[in-house]
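Report on one structure; see the data block that follows.
These numbers were taken from a predicted model, which means no experiment stands behind them.
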Amino acid sequence: MSTTPQSPGPIYSLLPAVFRTRDAQQGGQLEAFFQVLEAQAAIVRQNVWQLYNDQFIETCAPWVIPYIGELIGFDPVYTVALVSADSRAEVANTIGYRRRKGTLLAMEQVTHDVSGRTTIAVEEFERLITTLSLRDVRPHHADTADIRDGNDLRDQEGPFTRLNRSVDVRRIGPPNRVALPAPLPDATPLEITLHGPGRFNVPDIAVWMWRWKSRQITDAPLFRLGGGGFFFSSVGGPMPLFQQPPPPPAPFARLMTEMDAPEPILRRDFALRMADFYPSSLELFENGDPVDVSRIVCANLTETPKGLCRVANGKIAIDPELGRIQYAADVKVPDDLRATYSYGASAAMGGGPYDRTAYVTPPANPVLTAVVGTAAYPTLQAAVAKWNSLPTGSAGIIVLPNYESLAVDLTGPLAIHVSSQCQLLIAAADVTQQGAPPEWNQSRVTLRGEIEVLGLPLPHLEDGLAAPVGQVQFSGIVFAGEMRVLGDSPCVQIADCTLTPGRLRTNLGEASFPGEASLSGSAIGACVGMTRVIMGPVALPANCSLRIVDSIVDAGSPFCPAIAGTDLASAGAVLHIEDSTVIGRVWTEQMSLASNTIFQSRLGRRDPWKAAVWANRRQTGCVRFSSLPFASIVPRRYECLPPDAASEGALLPQFISLRFGEPGYCMLSGDAPLAIWKGADNGSQMGVFQQIQETEAVTNIQIRSAEYLPANLEHGVFLIPSRPRVEGLPVTTPYGYATRNVPRCSVEGEELDEAPGIGTGLL
């Protein structure tokens, strides 16, 4: 008998060679039988090993976690996916929480563990103006602000304020709404349910939670303006740069500091403490060589009627609040300028540097695997041309490397062909390691130009029916242009991409082509799917089908068409939309399903549309757990807001910002009604950010914080951000006249509440 394990498994390899030889001659039936035995033995073996691992919270199976938690008296709360797929971290740290109960360290750790977000707890009584004793002199505890020190005046209302306050006797805790429950649906603003009007008092603890994260872009080309100017954003326009926090400390190691928070970099901080941000959060590379910090200066690069500020000779000016660079007049501008930087985003959606491995499905046995930028395929056009030459029904992968920015023209004869039963994946991937397989992570490629997807005519089978359609997938890409779907029944799947609203951004952050469609076409029977996508208007004919999940459709204004026909003035594709936010009007042939979606849609006066959200066929389909104008013409509704016309004004959704490129883009603000914050079918918020379970995270903080507070203290939860900022930049106007930039989609300025003219601002 052989004692040396050989292929295919240990059991079969131990048989005498004579039996294995004869089995191979007769077709391998015995080998197949032993493979089944080996598979079952592996299950038993794995189960035995798992019995030992199940004794420890770090290695136990998910089903064991509640049983271990019960042994230590753990009371579960909502499971938040950003923490993990289970409550493992909270159970593991439960003993640590209780040992440190009543301390600020325990409060910070438990709120972080149950929310999966950066949190900080602040003892507000440490910031009260008091009469100091000579036995406890605190020279830095001033009762007035030093107006000559700008540090005292910034972040006046945030967690890192440097100002001391007089006592505020109002409660920091939210009011008790159990005694007087609000009528349903609840129009109470979210902030009222999180904290009270007071904050600076002896028993007050403030728990701050950041709603966005800092996401890092590595070695990416910048958007060139000319004249030595650049934008960090790959599609142009202002974009605040964020500091990149260090790796989180070990549990209970230390308290959070200002550098641990995913905060935008302010000009004053960058100027005074440049070494804290450069090169850890921000670094430039000229022709591959890093730029020394001694050449960098901070400047306000806001455009004024007189132009930009003058940059000192020999320097490179960076404005972190606008994400803009300006070279001095005497400095040579490099041919290739790249940067590593961070930006703020709330969810892993749109084109971004997050892990997409679970969402990318490469086709099996691809005939073509092309990496753009190599000698074989120097451009995307070359890779597409090779794909178009393959026979019908082929499978292929086109890899776009890392964070490149490419100019493309895939129109006319260069369009992407989709033949019957073909499968093509075009995706950004990390290909930094030579010869290694692509990783669908830490990559985001920008394509500037026009792209057409052409469905080739489908052949007919023997039974007379048309052959199955082909499919093309896009993933991890930022499109700065228009995508058109043409031909015969192509299937287009777009996931984790950005079809930039307005295509490009101006120097002031406005859309370069406001109201223009990001996705259009005249395809017959096309099937288009959008998952975790940020896009502009969609213009597809009524014979197509459109499926949108976890996405934002932004027309630039609630009065502009967001989803409609090819001319944006007729009925569009059959719509299936879930967990999304739509900014603009919707006109569809049929709304098969709308679920957990916010329609921020409005009609102007004398608007030719019958309704802001309009489905031609109302006999089929359903609208459930969504927010839309009450006068909408849609299929039957279930648990939608508002329930009647009288409550429509009180139940309107409120947002931090509706300007693409800002970190608070499409996030619900603290003024949003509680009915929208908890209006989804699972009790979470409506709209696109249901996917990050923000409602559950805030609820977990409220539940757990009360448990670990010292006696006689109370707490309030504060969100960052919570209030909308003043959008837009000041525009110089003639004296006495009110002027506005009216979007293309407006109907004689119908969205304006007042007519422009002398003194209209006083009315």
Side-chain angles (χ1 to χ4, degrees), residues 77 97 100-130 138 140-143 145 151-177 188-212 245 252 254-264 656 664 667 669-671 677 694-695 697-723:
V77 290
Y97 302 150
R100 298 165 179 84
K101 196 169 187 178
T103 65
L104 207 60
L105 186 62
M107 179 71 73
E108 282 193 1
Q109 187 66 48
V110 70
T111 54
H112 168 75
D113 288 346
V114 300
S115 66
R117 291 156 173 83
T118 303
T119 58
I120 184 172
V122 179
E123 296 171 327
E124 298 296 347
F125 51 80
E126 293 285 348
R127 294 172 175 168
L128 290 179
I129 298 173
T130 60
R138 288 176 282 173
H140 300 292
H141 193 82
D143 59 349
N151 281 333
D152 285 356
L153 302 179
R154 68 178 183 86
D155 193 29
Q156 298 182 34
E157 301 297 330
F160 304 113
T161 179
R162 291 155 176 81
L163 298 178
N164 297 310
R165 308 298 182 98
S166 58
V167 65
D168 187 345
V169 297
R170 296 175 297 177
R171 294 186 57 206
I172 193 174
N176 184 3
R177 304 175 69 245
T188 305
L190 167 64
E191 268 198 343
I192 293 180
T193 66
L194 300 182
H195 60 84
R199 178 178 155 195
F200 300 95
N201 201 355
V202 173
D204 290 355
I205 303 290
V207 179
W208 298 82
M209 187 193 85
W210 277 264
R211 306 173 67 186
W212 50 42
F252 309 108
R254 60 176 174 84
L255 292 172
M256 301 292 290
T257 66
E258 192 169 356
M259 296 303 297
D260 293 314
E263 281 282 282
I656 297 291
M667 293 174 60
S669 73
D671 297 325
W677 179 256
E694 196 173 44
T695 302
V698 173
T699 304
N700 287 352
I701 290 178
Q702 290 181 302
I703 295 173
R704 281 291 188 259
S705 298
E707 181 180 350
Y708 290 93
L709 273 177
N712 298 325
L713 297 189
E714 61 179 1
H715 76 289
V717 179
F718 296 80
L719 304 180
I720 301 178
S722 179
R723 296 281 182 173

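The shortest distance between side-chain heavy atoms of Met209 and Thr111 does not fall below 4.5 Å. Residues Glu123 and Leu713 are not in side-chain contact: their nearest non-hydrogen atoms beyond the backbone lie 4.5 Å or more apart. Side-chain contact between Ile120 and Glu108: present, with at least one pair of heavy atoms (C-beta onward) separated by less than 4.5 Å. Between Arg254 and Asp260 the shortest side-chain heavy-atom distance falls below 4.5 Å. Proximity of Arg211 to Ile656: side-chain heavy atoms (C-beta onward) are separated by under 4.5 Å at one or more points.
Atoms CG and NE2, from Leu190 and His195 in turn, are 8.5 Å apart once rounded to the nearest 0.5 Å. Here Met667 contributes atom CE and Glu694 contributes atom CD; the two are 5.0 Å apart, rounded to the nearest 0.5 Å. For the atom pair Gln702 CD and Asn700 CG, the distance stands at 9.5 Å (nearest 0.5 Å). Note that CD1 of Ile172 is 8.0 Å distant from CD1 of Ile205, once rounded to the nearest 0.5 Å. Interatomic distance, Tyr97 OH to Glu707 CD, rounded to the nearest 0.5 Å: 10.5 Å. Distance check, rounded to the nearest 0.5 Å: CG of Asp204 to CD of Glu126 gives 12.5 Å.
In this structure, Trp208 and Phe718 have parallel ring planes: the angle between them is below the 30° cut-off, well short of the 60° mark.
A salt bridge links Glu157 with Arg165: the distance from a Lys NZ or Arg NE/NH1/NH2 to an Asp or Glu carboxylate oxygen falls below 4.0 Å. Electrostatic pairing of Arg723 and Glu191 counts as a salt bridge here, judged by a charged N lying under 4.0 Å from a carboxylate O.
Results of the side chain to side chain contact (heavy atoms under 4.5 Å, CB included) test with Phe200 over Leu128, Val167, Val169 single out Leu128 as the only residue that passes.
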Residues Val114, Ile703; criterion side-chain contact (heavy atoms from CB on, under 4.5 Å); working and verdict = CA-CA 10 Å; Val114 300; Ile703 295 173; over 6 Å; no
Begin from the C-alpha positions of Val122 and Arg127 and carry the test side-chain contact (heavy atoms from CB on, under 4.5 Å) through to its verdict.
-> CA-CA 10 Å; Val122 179; Arg127 294 172 175 168; 3.5 Å; yes
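Across every non-hydrogen atom of Ala106 and Arg100, the tightest pair is CB-O, 3.2 Å. Residues Pro262 and Trp212 share a closest heavy-atom pair of O-NE1, 2.8 Å. Closest of all the heavy-atom pairs between Phe125 and Asn201 is CB-O, 3.6 Å. The shortest non-hydrogen separation linking Lys101 to Tyr708 is CG-CD2, 3.7 Å. Thr161 approaches Arg199 most closely through the heavy-atom pair CG2-NH2, 4.1 Å. Of all heavy-atom pairs spanning Ser705 and Met107, the tightest one is O-CE, 3.6 Å.
Arg117 contributes a side-chain N or O that, together with a main-chain N or O of Ser115, makes up a donor-acceptor pair within less than 3.5 Å. A donor-acceptor contact shorter than 3.5 Å links the side chain of Thr695 to the backbone of Trp677. Proximity of a side-chain donor or acceptor of Gln109 to a complementary backbone N or O of Phe252 within less than 3.5 Å is detected. Here the side chain of His715 pairs no donor or acceptor atom with the backbone of Gly173 at under 3.5 angstrom.
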